[in-house]
Amino acid sequence: MSIAVQTSYSANLKFVDRTSTTSNVQKSSASTTSGSARAAQLPSLEETLGPDNFKQLEKLRARKEALMGRLPDLQSRFDSAEKSFGANLKDDIDEIVDIGRTVFRTTLQLKNIEKKISALLGDVDPAGVAGVAEGKGNQKFDAETLQKDRAFAADFKSFTEKLFGAYETTKDSAQQAHDRDALKSHSMKLADKHGRKLVNLVSNYQSNFANATVQSSSLSLIV
């Protein structure tokens, strides 16, 4: 590859009424206390599900935690590969697509776990039990892990978008260099066909958590 093409590739990659106020504060405090009292009367998720189903939920939580642990490894792998991007475009697209395969499999596994969790919580009323969140289409979520799920999903989406960006840059560079080995490779064809679909898949996974809400009556028990 010419120096000009390598340079191009690198550039692409890199105020107050006191009486009124006091009254409002007292009312707010009374309301909060009342809400907390109601929340304290709600049954726990473990009581509602029963020991066997709750044990299954804990297994799903552990499995999800393990899958989430793949992201740092994927980020490290990409960062290492990125350092040599531009030297061999076919090798670059091969590595990008191989990382994409792991992202795809991990996303499907995570979505399957959320489907199982939703089924497990399917008959539970989010307003009547502490620890359940609800999203679009009546999908149920484990409120205990919701904050962490949201943070992970956002990071996972950002990483996938970064990976897709690397594919686009690699393809542009290959076109400029007339690199047929890279352009005609199986990896490039897979990226052309499935790259955007992968981004959409991960975006959908992330948006499910972003749209999930917890009933206020049970919030104090899970924060």
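As the structure is a prediction and not an experimental result, all values here were calculated from the model. When reading the values below, keep in mind they use all heavy atoms of this one structure, side chains included, and skip hydrogens, waters and symmetry mates.
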Whether Lys162 and Asp79 form a salt bridge (side-chain N of Lys/Arg under 4.0 Å from carboxylate O of Asp/Glu) is what I want to check. yes
For Val124 and Leu49, what are the C-alpha separation, side-chain angles and deciding distance, and is it a side-chain contact (heavy atoms from CB on, under 4.5 Å)? CA-CA 8 Å; Val124 178; Leu49 290 178; 4.2 Å; yes
Considering non-hydrogen atoms only, spot the tightest contact between Asp142 and Ile117 and give its length. N-CG2, 4.1 Å
Would you find a donor on one side and an acceptor on the other, under 3.5 Å apart, between the side chain of Thr107 and the backbone of Val103? yes
Just do the side-chain contact (heavy atoms from CB on, under 4.5 Å) check on Gln206 and Phe156 with the steps written out, would you? CA-CA 8 Å; Gln206 183 271 333; Phe156 201 38; over 6 Å; no
Out of Leu110, Leu108, Asn200, which residue meets the side-chain contact (heavy atoms from CB on, under 4.5 Å) rule with Tyr205? Leu110
Per side-chain contact (heavy atoms from CB on, under 4.5 Å), Tyr167 is matched among Leu190, Ile93, Leu198, Asp92 by Ile93
Looking at OG1 of Thr213 and CG of Leu146, how far apart are the two atoms once the value is rounded to the nearest 0.5 Å? 9.0 Å
Before accepting this row, confirm whether a basic side-chain N of the pair Lys90/Asp94 lies closer than 4.0 Å to the acidic partner's carboxylate O. yes
Less than 4.0 angstrom from a charged side-chain N to a carboxylate O is my criterion; do Lys64 and Asp149 meet it? yes
Can you check side-chain contact (heavy atoms from CB on, under 4.5 Å) on Arg77 and Asp98, steps first, answer last? CA-CA 11 Å; Arg77 180 179 171 185; Asp98 197 47; 2.5 Å; yes
Side-chain ion pair, Lys55 and Asp52, N-O less than 4.0 Å: no
Is a side-chain N or O of Ser185 found less than 3.5 angstrom from the main chain of Ala182, in a donor-acceptor match? yes
About how many Å separate OG1 of Thr106 and CG of Leu74, when rounded to the nearest 0.5 Å? 6.0 Å
If you look at every heavy atom in Arg150 and Phe209, which pair is closest and at what distance? NE-O, 2.9 Å
Within the side chain of Lys157, is there an N or O that forms a donor-acceptor pair under 3.5 Å with the backbone of Ser203? no
Pairwise distance NZ(Lys148) to CD(Glu65) - rounded to 0.5 angstrom: 3.0 Å
Salt bridge (Lys or Arg N to Asp or Glu O under 4.0 Å) filter on Asp192, not counting sequence neighbours, yields Lys171
Is there a path of hydrophobic side-chain contacts, each under 4.5 Å between heavy atoms of I/L/V/M/F/W/Y residues, joining Leu183 to Val97? no
Step-by-step side-chain contact (heavy atoms from CB on, under 4.5 Å) determination, Leu57 to Leu45: CA-CA 10 Å; Leu57 176 61; Leu45 187 55; 3.7 Å; yes
Main-chain N/O of Gly165 paired with Thr169 side-chain donor or acceptor, under 3.5 Å: yes
